[in-house]
Amino acid sequence: MIDSSGQAYKKARRRYLKTTRNRNLDIEKDWTPFRAAEKHFKARFPPPDLTKVLDLATLDESRASEVTAGNWAGKPDAAPTRAFTTVSGSYGYTLPEIPGLILLPAFLCPEKQKELIKWSLVEHARRPNETNLDIHYLLPSEGIWNAYVRDGNTVIHPRQIETDAEYLKQDPGPRTLIDNIPANTSNFELFNNVSKPPTPPSSNVQPASCSDLLPRLRWANIGWSYHWGTKQYDFSKGKIPIHHTIRDLCKSAVQSVDWKGVFALDTSDWGPHGADWMYWDENYEPDAGIVNFYQTKDTLMAHVDRSEVCATSPLVSISLGNAAIFLIGGLTRETEPVPILLRSGDVVIMSGPACRRAYHGVPRILENTLSPHLADIVDEPDWSIFKNYMDSTRININVRQVFPKEFDPGLS
Ligand SMILES: O=C(O)CCC(=O)C(=O)O
């Protein structure tokens, strides 16, 4: 699978031998099953074994060139799955181990993937949508991508630290108290009233060119503003409308699933209002989310999405660009996660009480796995600048519904 005579392999081996020389093996005994899986897939040396990774693209002959790109492939039967036919006639899969987890391989055609990559960079990663770079830099209103395309040498200056800023004087108060408590309809008022001061810019940020900053673009908020400091939504900032392309796509993903087949026999606790999957075709309405931009060395550690008041309605997650290992387990890190290989165009839906608040993360972006249909610039020279960025990038667009349909948050 990996070329052991290559320079990258030799470098990874040298680094591994150096960093593990004095390793205390006892530490590993304390790792939870989720942590152990993260460590396994993060490892550069030896490269991770993917034979226990669910890779549904390997079932689809039309995806053969994607599977061979980069030489990373898992197995189609690495975890038990149940196939169903979506309303458009393609295959979808559920995992009996994690009720509510839906996999829609190749849900997006290559043209749609390109459209969404362009949308993420050109239209979305700019004001009024907040990005991680806005915290530290004074970005032009056209956004980092468009500034980079115009002139990669343009220098972007750090945000000044206002020493008398209100947020520096404020006591964080309940912030630490309620951090990590799952939101619900009963504690919504309390969450909504927590002070959400702007994140102070770092004091050691230096001016940087657009070319240097672009690989540091890590996220852009969608819809309701997510406040990263408190891990809660800041509803006082209002809701930026979800772009119609994203809304339509997420709704069509939700409508393509046979929810009765998924949940008819489910006996889990759906909370005070009971199960509502039978209405999702009609009333699922995405209103928040994140675009994640990963470079090949980036990871997303195990976490639970607890900030949405609705803990059951679908979270739709779209993969674009390089492939990744996605881990999803249970309600604690003690459950051994299922590793799933996600490729460009795949859609994952997390729904229902067992899945929506399950631990999940992305320990590895698989290098050199840009699908041939995204790497090809012969017929489309304008794509080449996107292709160059995507060579080392994975984009994930994930979209949620914050409030249950019957709940009035009282926000005007
Ligand atoms: O990148 C992914 O596939 C998952 C992203 C995610 O879990 C998140 O943003 O909360």
Side-chain angles (χ1 to χ4, degrees), residues 34 37-38 41-42 53-57 74 95 98 100-108 113 116-117 120 124-125 129-132 180 182-183 217-228 231-233 242 246 249-250 253 286-308 310-311 313-331 333 337-351 355-366 369 390 392-402:
F34 206 111
E38 285 178 326
F41 290 109
K42 272 176 84 165
V53 176
L54 180 64
D55 185 357
L56 293 165
L95 276 77
I98 309 175
L101 178 65
I102 317 290
L103 305 178
L104 301 172
F107 188 75
L108 305 180
Q113 294 171 38
L116 292 186
I117 290 169
S120 303
H124 189 73
N129 309 303
E130 194 189 9
T131 73
N132 63 308
N180 283 335
L217 174 65
R218 194 65 181 77
W219 52 260
N221 278 341
I222 299 178
W224 287 117
S225 177
Y226 190 72
H227 184 259
W228 292 76
K231 297 200 174 95
Q232 293 166 24
Y233 289 96
I242 307 272
I246 301 299
L249 186 67
C250 293
D287 56 4
I290 302 162
V291 181
N292 289 301
F293 299 87
Y294 299 88
Q295 295 301 299
T296 36
K297 289 208 169 63
D298 291 331
T299 58
L300 182 66
M301 300 308 279
H303 67 284
V304 173
D305 299 315
R306 298 185 168 101
S307 317
E308 292 75 36
C310 187
S313 79
L315 180 157
V316 179
S317 180
I318 300 163
S319 289
L320 300 163
N322 278 277
I325 303 290
F326 176 70
L327 297 177
I328 178 153
L331 301 182
R333 290 187 175 86
V338 179
I340 302 170
L341 206 158
L342 296 178
R343 300 179 187 275
S344 196
D346 292 348
V347 167
V348 174
I349 303 182
M350 294 170 66
S351 68
C355 178
R356 192 57 184 72
R357 295 228 162 130
Y359 272 90
H360 59 282
V362 181
R364 182 71 174 247
I365 308 299
L366 296 168
T369 49
M390 291 308 293
S392 61
T393 307
R394 170 178 184 256
I395 297 180
N396 166 262
I397 305 174
N398 70 79
V399 184
R400 307 111 193 259
Q401 177 176 323
V402 175

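Counting starts at 1 for both ligands and their atoms, in listed order. Count residues from 1 along the sequence.
- Using a distance-only test at 3.5 Å, with no hydrogens or angles considered, a donor-acceptor pair links the side chain of S351 to the main chain of G100.
- Among Y294, Y226, F326, F293, the residue whose heavy atom sits closest to atom 1 (O) of ligand 1 is Y294.
- Ligand 1 has no N or O atom lying under 3.5 Å from any N or O atom of S319, backbone or side chain.
- Ligand 1 places these atoms under 4.0 Å from at least one heavy atom of N292: 5 (C), 8 (C), 9 (O).
- Contacts with ligand 1 closer than 4.0 Å are made by no heavy atom of M350, backbone or side chain.
- The protein heavy-atom contact nearest to atom 10 (O) of ligand 1 is H303 NE2, 2.8 Å.
- Those atoms of ligand 1 that come under 4.0 Å of a heavy atom in R400, given as number and element, are 8 (C), 9 (O), 10 (O).
- Under a 4.0 Å heavy-atom criterion, W219 is not in contact with ligand 1.
- When non-hydrogen atoms are compared, ligand 1 lies under 4.0 Å from the side chain of L300 (C-beta onward) but not from its backbone.
- Every atom of ligand 1 with a heavy atom of H360 under 4.0 Å away is listed here by number and element: 7 (O), 10 (O).
- Checked by atom type and distance alone, the side chain of S307 pairs as donor or acceptor with a backbone atom of K231 at under 3.5 Å.
- For the pair R218 and Y294, the cation sits on the ring face: its NZ or CZ lies under 6.0 Å from the ring centre, inside 45° of the axis.
- What sits closest to atom 3 (O) of ligand 1 on the protein, heavy atoms only, is R394 NH2, 2.9 Å.
- Against a heavy-atom cut-off of under 4.0 Å, V362 is close to the following atoms of ligand 1: 1 (O), 2 (C), 3 (O), 4 (C).
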